[in-house]
2 protein chains.
Amino acid sequence: MDELPKLEELDEETLFIVSQTFKALSDPTRIRILHLLYQEELSVNNISEALHLRQSTVSHQLRFLKNLRLVKYRREGTSIYYSIDDEHVMDVLKQTIDHAQHH
Amino acid sequence: MDELPKLEELDEETLFIVSQTFKALSDPTRIRILHLLYQEELSVNNISEALHLRQSTVSHQLRFLKNLRLVKYRREGTSIYYSIDDEHVMDVLKQTIDHAQHH
DNA sequence: ACTGAATATGAATATATGTGCATATATTGC
DNA sequence: GCAATATATGCACATATATTCATATTCAGT
């Protein structure tokens, strides 16, 4: 009588963190931004132009991702360069993109 | 000059599937339902009672999960038993719960 | 201090989403 | 066919979310 590896109980805090993390990955715009940043560090303008999105749209979404510590930034002159800051979440995103494409 | 493993292009269809998949995992109620079902097959009423949720709430969320083929069901009398139908997505959920709890 | 360039922020709006109520549908036993 | 039980569905409503516009902030160069 084998059993599945038991999942730990889901406390409120874990539930919140997990749902927020997946919420970050549930919007097409944020997925595209993360997908881009996975390849290279980019400024807000770079992203805006590459994805044909308004500057404010990109800025708002980056704030969301920054609050969850999925991205980090570095200032260089008047530009701000963003890059990936959570390898685990990026792994999850890559896995799921791969899964969607090959199945 | 090493390069990162190149991600494939994100076509519209992939983007949609991926965002929908994460949307399924972005709601606390759905996470709790999947977490329960990971441990055992359960009827709508079982879930409703275990999580203190209205029957219609559970039914609505199960429809969502069923449409994405994350769960499957089997009828037994007037009851309908639901169980997990996507191991990959459950892996992703488990990984992320674990990550949230230990970091 | 002033200007131009890049980014961030707040308010407004349209749309999406989660839940509950009431009701419909489906199955079983009589 | 009828009653009882379990589940599904449609509608309404409150809340959350994504985007846009207008404006504020920050920094570099002069």
Side-chain angles (χ1 to χ4, degrees), chain A residues 10 12 15-37 40-83 85, chain B residues 10 12 15-37 40-83 85:
Chain A
L10 275 181
E12 279 302 314
L15 205 53
F16 180 74
I17 296 173
V18 171
S19 62
Q20 282 296 110
T21 303
F22 286 126
K23 191 157 302 191
L25 302 176
S26 73
D27 177 70
T29 298
R30 287 192 291 268
I31 294 176
R32 291 166 79 210
I33 291 175
L34 289 172
H35 181 259
L36 253 192
L37 292 181
E40 53 181 331
E41 182 192 56
L42 292 169
S43 73
V44 178
N45 255 342
N46 291 157
I47 299 170
S48 175
E49 287 164 12
L51 301 181
H52 305 291
L53 296 169
R54 310 272 171 175
Q55 176 269 323
S56 69
T57 297
V58 175
S59 194
H60 278 301
Q61 299 297 10
L62 285 172
R63 177 167 56 172
F64 186 109
L65 297 172
K66 186 179 58 181
N67 287 341
L68 281 174
R69 301 188 190 282
L70 301 189
V71 299
K72 63 189 177 209
Y73 64 94
R74 143 184 102 74
R75 180 178 280 283
E76 188 175 312
T78 56
S79 294
I80 299 189
Y81 288 85
Y82 281 84
S83 57
D85 196 32
Chain B
L10 275 182
E12 278 302 313
L15 204 52
F16 181 74
I17 296 174
V18 171
S19 62
Q20 283 295 110
T21 302
F22 286 125
K23 190 156 303 192
L25 302 176
S26 72
D27 176 70
T29 300
R30 286 191 292 268
I31 294 176
R32 296 207 290 152
I33 292 175
L34 289 172
H35 181 260
L36 253 193
L37 291 181
E40 53 180 331
E41 181 191 55
L42 292 169
S43 72
V44 179
N45 255 342
N46 291 158
I47 299 170
S48 175
E49 287 164 12
L51 302 181
H52 305 290
L53 297 169
R54 311 272 170 173
Q55 177 267 324
S56 70
T57 298
V58 175
S59 194
H60 279 304
Q61 299 297 10
L62 285 171
R63 177 168 56 175
F64 187 110
L65 297 172
K66 186 178 59 180
N67 287 342
L68 282 173
R69 300 187 191 282
L70 300 189
V71 299
K72 62 188 178 214
Y73 64 95
R74 144 183 100 75
R75 181 179 278 282
E76 189 176 312
T78 56
S79 295
I80 299 189
Y81 287 86
Y82 282 83
S83 56
D85 197 30

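Note that the structure is predicted; figures quoted are calculated from it, not measured. Labels below follow one simple rule: chain letters A, B, ... track the order of the sequence lines, proteins then strands, and each chain is numbered from 1. No hydrogens, no waters, no symmetry mates; every other heavy atom, side chains included, goes into these values.
The backbone N or O of Leu34(B) lies less than 3.5 Å from no partner atom in the side chain of Arg32(B), so there is not a single donor-acceptor pair.
Annotation: of the two residues near DNA chain C, Ser79(A) and Arg63(A), the 5′-most nearest-nucleotide partner is Ser79(A).
Across all strands shown, Ser59(A) has heavy atoms under 4.0 Å from base atoms, whether or not it also approaches the sugar-phosphate. Within 4.0 Å of Tyr82(A), counting heavy atoms only, lie sugar-phosphate atoms of the nucleic acid but no base atom.
For the pair Asn46(A) and Leu36(A), the minimum side-chain heavy-atom distance is 4.5 Å or more.
The distance from atom CD1 of Ile80(B) to atom CG of Leu62(B), rounded to the nearest 0.5 Å, is 9.5 Å. To the nearest 0.5 Å, the span separating CD1 on Ile47(B) from CD on Glu41(B) amounts to 10.0 Å. Note: Tyr73(B) OH to Asp85(B) CG = 11.5 Å, rounded to the nearest 0.5 Å. Rounding to the nearest 0.5 Å places CG of Asp27(B) at 8.5 Å from CD1 of Ile33(B). The structure places CG of Leu68(B) at 10.5 Å from NZ of Lys23(B), a figure rounded to the nearest 0.5 Å. To the nearest 0.5 Å, the span separating CD on Gln20(A) from OG on Ser26(B) amounts to 9.0 Å.
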Show me the protein contacts with nucleotides 17-23 of chain D, counting only N or O atoms at under 3.5 Å.
{"from": "dT17(D)", "atom 1": "OP1", "to": "Lys23(A)", "atom 2": "NZ", "distance (Å)": "3.1"}
{"from": "dA18(D)", "atom 1": "OP1", "to": "Arg30(A)", "atom 2": "NH1", "distance (Å)": "3.0"}
{"from": "dA18(D)", "atom 1": "OP1", "to": "Arg30(A)", "atom 2": "NH2", "distance (Å)": "2.7"}
{"from": "dA18(D)", "atom 1": "OP2", "to": "Arg30(A)", "atom 2": "NH1", "distance (Å)": "3.2"}
{"from": "dT19(D)", "atom 1": "OP1", "to": "Thr29(A)", "atom 2": "OG1", "distance (Å)": "2.8"}
{"from": "dT19(D)", "atom 1": "OP2", "to": "Gln61(A)", "atom 2": "NE2", "distance (Å)": "2.7"}
{"from": "dT20(D)", "atom 1": "OP2", "to": "Thr57(A)", "atom 2": "OG1", "distance (Å)": "2.8"}
{"from": "dT20(D)", "atom 1": "O4", "to": "His60(A)", "atom 2": "NE2", "distance (Å)": "3.2"}
{"from": "dC21(D)", "atom 1": "OP2", "to": "Arg54(A)", "atom 2": "NH1", "distance (Å)": "3.2"}
{"from": "dC21(D)", "atom 1": "N4", "to": "Ser56(A)", "atom 2": "OG", "distance (Å)": "3.1"}

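Non-hydrogen atoms lying under 4.0 Å from DNA chain D are contributed by Ser43(B), Val44(B), Asn45(B), all within residues 42-51 of chain B. Heavy-atom distances under 4.0 Å link DNA chain C to Arg75(B) of residues 68-76 of chain B, given in residue order.
Screening residues 59-71 of chain B for side-chain hydrogen bond (donor to acceptor under 3.5 Å, both in side chains), with sequence neighbours left out, gives Arg30(B)-Gln61(B), His60(B)-Arg63(B).
Rounded to whole angstrom, the span from the NE2 atom of His52(B) across to the P atom of dT19(C) amounts to 15 Å. In this structure, the CG atom of Leu62(B) is 11 Å from the C1' atom of dA8(D), given to the nearest Å. Per the geometry, CZ belonging to Phe22(A) stands 19 Å off C1' belonging to dT17(C), to the nearest Å.
Shown here are the side-chain contact (heavy atoms from CB on, under 4.5 Å) partners of Ile31(B), two or more places apart in sequence or in another chain: Leu10(A), Leu15(A), Val18(A), Ser19(A), Leu93(B). By the ring-ring contact (aromatic ring centres under 6.0 Å, His included) test, Tyr81(B) is found to be paired with no residue, residues two or more places apart in sequence or in another chain being considered.
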